[in-house]
Amino acid sequence: MAISFTLNDRPMALTIDEETPLLWALRDTLGMTGTKYGCGRGLCGCCTVLIEGEAARSCQVPMAALKGLRVHTIEWLAARPNNAVFKAWQEIDVPQCGYCQPGQIMSATSLLLKRDKVTDEDIDAVMSGVLCRCGTYPRIRAAIHRAAAIRAAEKKS
């Protein structure tokens, strides 16, 4: 039986084993390789996507749990290159190797969907589970603050 959900604002019905993790459905079945495989245990955050606007580790979400839900991936955000998070990431020059960046960006997006103003504590709470091997944490934090400022300016205009 097909699992029906919304993926990147498009209705989707996918016939797949219900226990298949979302990560593998995205990468292997749908060819959407922007969401990265890191640890496979939900510890590194590289595979983060948004489910109903909340950051979620796609390697830990079985397809059965998605019935009727909205999922957004880095490909969805990449189709909106003028969004505040991408602008800030580029201005601050956040990436080094870039492998963790989809998870970092989707986690930051989740935070900014909930809050207009963010504190370092807010950022730490949301971003602490997304590991960066290169240690770009100070730039990530600066970019999230910058993205919040960009969003605030856009709302004023």
Side-chain angles (χ1 to χ4, degrees), residues 1-91 94-95 97-118 122-123 125-132 140 143-144 146-157:
M1 179 165 17
I3 297 170
S4 296
F5 62 106
T6 301
L7 179 62
N8 297 335
D9 298 328
R10 288 184 282 181
M12 173 76 58
L14 198 58
T15 302
I16 193 167
D17 183 314
E18 290 189 343
E19 295 306 311
T20 301
L22 172 59
L23 173 65
W24 298 119
L26 292 171
R27 292 183 62 79
D28 293 348
T29 305
L30 299 171
M32 299 174 68
T33 57
T35 304
K36 301 301 181 201
Y37 171 78
C39 67
R41 299 182 59 201
L43 303 172
C44 73
C46 287
C47 68
T48 301
V49 298
L50 302 182
I51 300 175
E52 294 294 320
E54 296 290 329
R57 306 299 192 258
S58 65
C59 71
Q60 298 297 298
V61 179
M63 289 302 297
L66 298 176
K67 292 177 184 174
L69 299 181
R70 291 176 300 121
V71 176
H72 290 101
T73 67
I74 192 73
E75 286 89 352
W76 168 77
L77 204 57
R80 293 151 182 79
N82 289 325
N83 74 70
V85 176
F86 276 0
K87 285 180 186 177
W89 243 249
Q90 291 170 349
E91 283 181 25
V94 172
C97 84
Y99 197 81
C100 69
Q101 294 308 300
Q104 301 283 359
I105 290 168
M106 295 308 286
S107 295
T109 298
S110 175
L111 172 62
L112 294 170
L113 286 172
K114 294 178 210 152
R115 298 180 188 267
D116 288 332
K117 295 180 181 180
V118 294
D122 295 331
I123 294 169
V126 170
M127 304 302 290
S128 65
V130 188
L131 304 179
C132 174
I140 290 167
I144 294 170
R146 178 67 184 127
I150 291 169
R151 286 174 47 102
E154 289 172 349
K155 286 182 179 181
K156 286 181 182 177
S157 60

side-chain contact (heavy atoms from CB on, under 4.5 Å) between R70 and D9, worked out
CA-CA 7 Å; R70 291 176 300 121; D9 298 328; 5.7 Å; no
Walk me through whether N8 and M32 qualify under side-chain contact (heavy atoms from CB on, under 4.5 Å).
CA-CA 11 Å; N8 297 335; M32 299 174 68; 3.2 Å; yes
What I'd like to find out is whether the side chain of [X] reaches to under 4.5 Å of the side chain of [Y], using heavy atoms alone.
X    : Y    : result
T109 : N83  : no
I140 : V130 : no
L30  : L7   : yes
F5   : M63  : yes
T48  : R57  : yes
P102 : T35  : no

Is the count of non-hydrogen atoms from other residues, nucleotides or ligands lying under 6.0 Å from R41 atom CZ greater than 12?
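No, CZ of R41 has 12 or fewer neighbouring heavy atoms, counting only those of other groups under 6.0 Å.
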To the nearest 0.5 Å, what is the distance between [atom1] ([X]) and [atom2] ([Y])?
X    : Y   : atom1 : atom2 : answer
S4   : L14 : OG    : CG    : 9.5 Å
S110 : I51 : OG    : CD1   : 10.5 Å
R27  : C47 : CZ    : SG    : 10.5 Å
L66  : M12 : CG    : CE    : 11.0 Å

Just by distance, no angles: are the side chains of Q101 and W89 close enough, under 3.5 Å, to form a donor-acceptor pair?
yes
Under 3.5 Å donor-acceptor, [X] side chain and [Y] backbone:
X    : Y    : result
S107 : G103 : yes
T29  : L26  : no
S58  : L22  : no
R146 : E91  : no

Sequence-distant partners of K155, side chain to side chain donor-acceptor pair (under 3.5 Å), two or more places apart
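K155: side chain to side chain donor-acceptor pair (under 3.5 Å) contacts with D116.
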Which pair of heavy atoms, one from [X] and one from [Y], lies closest together, and at what distance?
X    : Y    : result
K114 : G53  : CE-O, 4.5 Å
Q104 : M127 : OE1-CE, 3.0 Å
F86  : L77  : CE2-O, 3.5 Å
K36  : Y99  : CG-O, 3.5 Å
N82  : K87  : O-CE, 2.9 Å
A84  : I150 : CB-CG2, 3.7 Å

